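Here the structure is laid out as structure tokens; the discussion comes afterwards.
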Amino acid sequence: MTKQIILQAFDMTAANHNAHGLWKHPENRRHREYKSLDYWIELARLLEKGKFDAVFFADVLGVYDVYGGDEKAALRDGVQVPLNDPAFAIPAMAAVTENLSFAVTVSTSYEQPFHNARKFSTLDHLTKGRVAWNIVTSYLPNAAQNFGLEKMVKHDERYRMAEEFLEVSYKLLEDSWEEDAVVSDPARGVLVDPEKVHRIKHKGKYFSVEGPHVSEPSPQRTPVLYQAGTSEKGREFAARHAECVFVGGPTPEKINYYIEDIKARAEAYDRSRAEIKAFTFLNVVVAETEEKAQAKYEEIKKYWSADGAKAQYGGSTGYDLASYENEDELFTYKHTEQGQSRAAYLTKDAAKPFTVKEIQEKFSKPAEMDIIVGSPEQVADKIEEFFVRSGVDGFNLTHYITPKDLEDFVELVVPILQERGLYKKEYTEGTFREKLYGHPHLSGAHPAKQKKG
Ligand SMILES: Cc1cc2nc3c(=O)[nH]c(=O)nc-3n(C[C@H](O)[C@H](O)[C@H](O)COP(=O)(O)O)c2cc1C
């Protein structure tokens, strides 16, 4: 059978995610409605109608304050702020759907593993196993300041913390409660068998957790594990832990390079390449005809905010585009403690070197990467080509006018992809991991299982 596209809506429980300035577009509803459950419920129903596999919630824990040295530009355009906690929308979205899954971003740099494990067990129970965790190490200096630190923990150390965070998480989610610990036996007067619940007694460099876990085993135990970030350390981390990777890159070939590299590294940990699915961004502007799609794109460009885009770029890379004075100088890679994959994107990963002037111009219109604009057939053709060339398993679909762009995609593009056999017509049964991999729990080759010996 043809490999089918796994589709996720890329979202954030914020007034704006990546559509900088588009809040001004008269048809955009999200900045007014993201605070209401009705909005998220409507979105969940729409995505399930379009057979989306999941909604992928990005999240950050501070404001973007690198560009121009403060958060003013980010606030003016609502760059991922105001922002609510994504976890709270999920039970309501799960209540009106049966198959849509939910990937939530949680940072290992600022969360506590005990609290995080409880949160994911709860979500996994309430969604009947439809939850995933996008593991990030964070990049915003302001997030560090919000959690009692003067400065961010350095990039590579954040990944070392993440390693230990995962070790504790596995102990809590996989080992603390045996599968049959909850006996619920009135005759013996025993709800939980004390012999089958174990303290984890973790004492490490960064975390100390006695346990036991307080939630009983959920359908998936450990949520499906996503990772995003392709620095050297990021790829090594993904190779060990991730079941899904979210990879950005300036060309399909570069994306493919990162995916292949992560899979090769996974093999060194005795994991099979098939155990890792890869996703990248998909930016689409579609309408009934090419002309209408072009007109829609022109409209989007009119509202786009270059300052908003630069604010986001500054926060995630550490490169302040307000501080470059010489427009003719080459925009080169320099080490920062922020996100190294994002920093590489327009510098050492780019197909050609850019001058500062070219970079500034890039931010004056939407999408760093190729945006697909066209009629439904044209869009489907390009998606198919991109799918094959990049070697991804699926996409995180962005949107500019929300929820209208998603409605258009469901109505206009999904039926064509389905006709071509590139996209499912029906969901498969079961938890998110069963839909992706055919089994409810982490595979036996995963390090979470291996350490049990
Ligand atoms: C495609 C992509 C999506 C990301 N989404 C988030 C996010 O929602 N929240 C966050 O704090 N970091 C996010 N990150 C940051 C990374 O997870 C990572 O912590 C950061 O980029 C530093 O790692 P790196 O140097 O390996 O890129 C994302 C990174 C990439 C490449």
Side-chain angles (χ1 to χ4, degrees), residues 8-14 16-18 55-64 66 79-81 83 85-87 102-111 132-144 146-147 152-163 165-166 225-242 244-250 254-255 258-259 261-262 265 278-283 312-319 333-349 367-369 390 392 394-398:
Q8 305 178 143
F10 193 32
D11 220 312
M12 197 166 196
T13 46
N16 159 47
H17 181 196
N18 290 322
V55 51
F56 184 109
F57 284 119
D59 197 28
V60 291
L61 296 164
V63 289
Y64 284 74
V66 171
V79 177
Q80 307 188 347
V81 68
L83 163 70
D85 186 325
F102 308 91
V104 200
T105 297
V106 176
S107 169
T108 50
S109 302
Y110 306 115
E111 179 64 87
W133 169 20
N134 178 37
I135 307 161
V136 300
T137 55
S138 300
Y139 46 66
L140 290 175
N142 181 242
N146 290 334
F147 288 83
M152 278 195 298
V153 175
K154 285 192 180 258
H155 179 273
D156 290 3
E157 185 166 9
R158 294 203 298 273
Y159 274 110
R160 286 195 287 278
M161 285 175 76
E163 268 300 326
F165 194 115
L166 269 286
L225 299 174
Y226 279 63
Q227 184 271 358
T230 44
S231 63
E232 178 74 24
K233 286 274 184 286
R235 277 176 277 156
E236 200 58 28
F237 180 85
R240 250 175 81 70
H241 300 281
C244 299
V245 288
F246 182 16
V247 180
K254 195 74 214 183
I255 292 167
Y258 282 135
I259 296 170
D261 182 75
I262 292 168
R265 288 169 194 248
F279 298 81
T280 193
F281 298 91
L282 181 63
N283 305 309
Q312 187 192 2
Y313 185 71
S316 57
T317 58
Y319 298 167
Y333 182 83
K334 59 174 195 250
H335 176 83
T336 70
E337 294 300 335
Q338 262 97 341
Q340 293 180 0
S341 37
R342 290 273 293 159
Y345 199 100
L346 294 174
T347 55
K348 61 184 178 185
D349 278 1
E368 290 163 50
M369 211 161 71
S390 62
V392 295
F395 297 107
N396 274 7
L397 181 68
T398 62

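Throughout, residue positions are numbered sequentially from 1 according to the sequence presented. All ligand and atom numbering here is 1-based and tracks the order in the structure. Predicted, not measured: the structure shown is a model, and the values here were computed from it.
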Under 4.0 Å to a heavy atom of [X] - the qualifying atoms of ligand 1, by number:
X: Thr105; result: 7 (C), 8 (O), 9 (N)
X: Thr230; result: 26 (O), 27 (O)
X: Phe281; result: 1 (C)
X: Ala58; result: 8 (O)

Does [X] reach the main-chain N or O of [Y] with its side chain, forming a donor-acceptor pair under 3.5 Å?
X: Ser109; Y: Thr137; value: yes
X: Ser231; Y: Ser341; value: no
X: Arg158; Y: Gln338; value: yes
X: Arg342; Y: Thr317; value: no

Task: Contact (N/O only, under 3.5 Å) between Gln340 and ligand 1 - done: yes

Task: Polar proximity ligand 1 side, Gln338 side, N/O cut 3.5 Å exclusive - done: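 No, no N or O pair falls under 3.5 Å.
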
Selected option - heavy-atom contact closest to [atom], from [options]:
atom: atom 23 (O) of ligand 1; options: Phe56, Tyr139, Phe57, Tyr159; result: Tyr159
atom: atom 24 (P) of ligand 1; options: Gly248, Ser231, Ala344; result: Ser231
atom: atom 29 (C) of ligand 1; options: Gly315, Ala228, Ser109, Ser138; result: Ala228
atom: atom 1 (C) of ligand 1; options: Phe246, Phe10, Tyr226, Tyr258; result: Phe246
atom: atom 19 (O) of ligand 1; options: Asn134, Thr137, Val104; result: Thr137

Task: CA sep, side-chain torsions, deciding dist, call: Asp349, Tyr258, side chain to side chain contact (heavy atoms under 4.5 Å, CB included) - done: CA-CA 11 Å; Asp349 278 1; Tyr258 282 135; 2.4 Å; yes

Open item on the list: Working to the nearest 0.5 angstrom, can you tell me the gap between Tyr110 OH and Asn146 CG?
Closed with: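 Reported value, rounded in 0.5 Å steps: 9.0 Å.
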
- [ ] Starting at NE2 of His241, measure out to CD of Gln227 and round the result to the nearest 0.5 Å.
- [x]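 Output value for this atom pair is 9.5 Å.
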
List the closest protein heavy-atom neighbour of [atom]: residue, atom name, distance to the nearest 0.1 Å.
atom: atom 21 (O) of ligand 1; answer: Gly339 CA, 3.7 Å
atom: atom 6 (C) of ligand 1; answer: Val136 CG1, 3.9 Å
atom: atom 27 (O) of ligand 1; answer: Ser341 OG, 2.3 Å

TODO: Record the part of Asp59 in heavy-atom contact with ligand 1 below 4.0 Å; permitted values are side chain, backbone, both and neither.
DONE: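 For Asp59, the contact with ligand 1 is made by the backbone alone.
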
Task: Under-4.0 Å heavy-atom contact with ligand 1, by part of His155 that carries it - done: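 The answer is the side chain.
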
Open item on the list: When you measure from the heavy atoms of Ser107 to every atom of ligand 1, does any distance fall below 4.0 Å?
Closed with: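 Not so, Ser107 does not reach ligand 1.
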
TODO: Please name the pair of heavy atoms, one in Thr108 and one in Met161, separated by the smallest distance, quoted to 0.1 Å.
DONE: O-CE, 4.3 Å

- [ ] Test Leu83 against every option in Val60, Leu61, Asn16 by the side-chain contact (heavy atoms from CB on, under 4.5 Å) rule and name the one that passes.
- [x]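 Of the listed options, the one satisfying the test is Val60.
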
Task: Lys/Arg cation over aromatic Tyr159: Lys233, 6.0 Å, 45° cone - done: no

Open item on the list: Does the plane of the ring in Phe246 sit parallel, tilted or perpendicular to the ring in Phe281? Use 30° and 60° as the thresholds.
Closed with: tilted

